[in-house]
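Contents: one structure, followed by commentary.
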Amino acid sequence: MANERTYIMVKPDGVDRGLVGDIISRFEKRGYKLVALKLKLASEELLREHYADLAGKPFFNGLVAFIGSGPVACMVWEGKDVVKTGRRMLGETDPLKSLPGSIRGDYAIDLGRNVCHGSDSVESANKEIKLWFNEDELVNWNASLYKSIYE
């Protein structure tokens, strides 16, 4: 079993709408293991670092302001191919292009209120996990159900 990890964040709109539990449930039902979870009010500095790759975009300041406007649910999930599969579970960045059954396809309409963030590569996941969590906040544990999920 590969222990790839990804960073998933429920944005303030998703937290406000009470979607955190459903999003957690979808990842658990898929077979992924939760290794870190916290609710956080992110500082502007943290958000500017997290979204640094978008700094030149016209929507950057609005994005930072929105994500900083309320609590976010920060999660680290572990499992086989969790980065790519997690992104598929979230759906397209533009919710109107997301298929029904994906998180954004089921819960979002506008691009600026697309409920969640997911790492787009293993490298990004490692960077984002280190940015949002201290090493001692990541819990290494054995999921007894893994024998029913993985060959």
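If you're wondering where the values come from, they're calculated on a predicted model, not measured in any experiment.
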Check whether any side-chain N or O of W141 sits under 3.5 Å from a backbone N or O of L34 as a donor-acceptor pair, and report yes or no. yes

Using a 3.5 Å distance criterion without hydrogens, assess whether the side chain of Y150 forms a donor-acceptor pair with backbone atoms of K80. yes

Close side-chain approach of I8 and H117, heavy atoms under 4.5 Å: no

Test item: Y32 and T6 side chains (from C-beta on) under 4.5 Å apart, heavy atoms: no

I want to check something: taking the side chain as every heavy atom from C-beta on, are F59 and L111 in contact at a cut-off of under 4.5 Å? no

So, do V115 and K11 sit near enough that their side-chain heavy atoms are less than 4.5 Å apart? no

So do I129 and L138 actually touch side chain to side chain, heavy atoms under 4.5 Å? yes

Taking the six-membered ring for Trp, are W77 and F27 closer than 6.0 Å centroid to centroid? yes

For N134, is there any backbone N or O sitting under 3.5 Å from a side-chain donor or acceptor partner on E137? yes

Donor-acceptor pair, distance only, cut-off 3.5 Å: does the side chain of K38 make one with the backbone of W132? yes

Could you tell me whether the side chain of E28 reaches within less than 4.5 Å of the side chain of L145, counting heavy atoms only? no

F133: which residues meet the ring pair (Phe, Tyr, Trp, His ring centres under 6.0 Å) condition with it, sequence neighbours left out? none

Are any non-hydrogen side-chain atoms of D110 and P95 less than 4.5 angstrom apart? no

Backbone N/O of V83 and side chain of E4: donor-acceptor pair under 3.5 Å: yes

CZ-CG distance between F66 and N61, expressed to the nearest 0.5 angstrom: 15.0 Å

Cluster question for you: counting only ILVMFWY and a side-chain heavy-atom cut-off of under 4.5 Å, with indirect links fine, are V10 and V76 together? no

Could you state the interatomic distance from CG (N126) to CZ (R5), rounded to the nearest 0.5 Å? 9.5 Å

Taking all heavy atoms of L47 and all of G68, pick out the closest pair and write down the distance. CD1-N, 3.4 Å

Quick check on the hydrophobic clustering: are V20 and V72 connected, directly or via other members, by side-chain heavy-atom contacts under 4.5 Å? no

Do NZ/NE/NH1/NH2 and the carboxylate oxygens of E123 and K127 come within less than 4.0 Å? no

If you look at every heavy atom in I109 and L96, which pair is closest and at what distance? O-CG, 3.4 Å

Examine L37 and L46 and state if one hydrophobic cluster contains both, with Ile, Leu, Val, Met, Phe, Trp and Tyr joined whenever side-chain heavy atoms are less than 4.5 Å apart. no

Following the transitive rule for hydrophobic clusters with a side-chain heavy-atom cut-off under 4.5 Å over Ile, Leu, Val, Met, Phe, Trp and Tyr, establish whether Y7 and L63 coincide in one cluster. yes

For G91, is there any backbone N or O sitting under 3.5 Å from a side-chain donor or acceptor partner on R104? yes

With hydrophobic residues grouped by side-chain heavy-atom distances under 4.5 Å, do Y146 and V35 end up in a single group? no

Calculate, to the nearest 0.5 Å, the distance between atoms CD1 and NZ belonging to I24 and K29 respectively. 12.5 Å

Roughly how far, to the nearest 0.5 Å, is the CG atom of D120 from the NZ atom of K84? 13.5 Å

Is the number of heavy atoms from other residues, nucleotides or ligands within 6.0 Å of CG (D53) greater than 12? yes

Strictly distance-based, threshold 3.5 Å: is any side-chain N or O of S124 a donor or acceptor partner for the main-chain N or O of S119? no

For the residue pair I103 and I23, establish whether any side-chain heavy-atom pair is separated by less than 4.5 Å. yes

The criterion is side-chain hydrogen bond (donor to acceptor under 3.5 Å, both in side chains); which residues satisfy it with D16, sequence neighbours excluded? none

Under a 4.0 Å threshold between the charged nitrogen and the carboxylate oxygen, would D106 count as salt-bridged to R26? yes

Ion pair check, D13 and R17, cut-off under 4.0 Å: no

Looking at Y107, I'd like to know if the NZ or CZ of R113 sits under 6.0 Å from its six-membered ring centre while staying within 45 degrees of the ring's axis. no

Heavy-atom nearest pair, G118 first then R87, reads O-NH1, 2.8 Å

D94, T93, L99 screened by side chain to side chain contact (heavy atoms under 4.5 Å, CB included) with K97, the one that passes: D94

If only atom types and distance count, is the side chain of T85 paired as donor or acceptor with the main-chain N or O of V82 below 3.5 Å? no

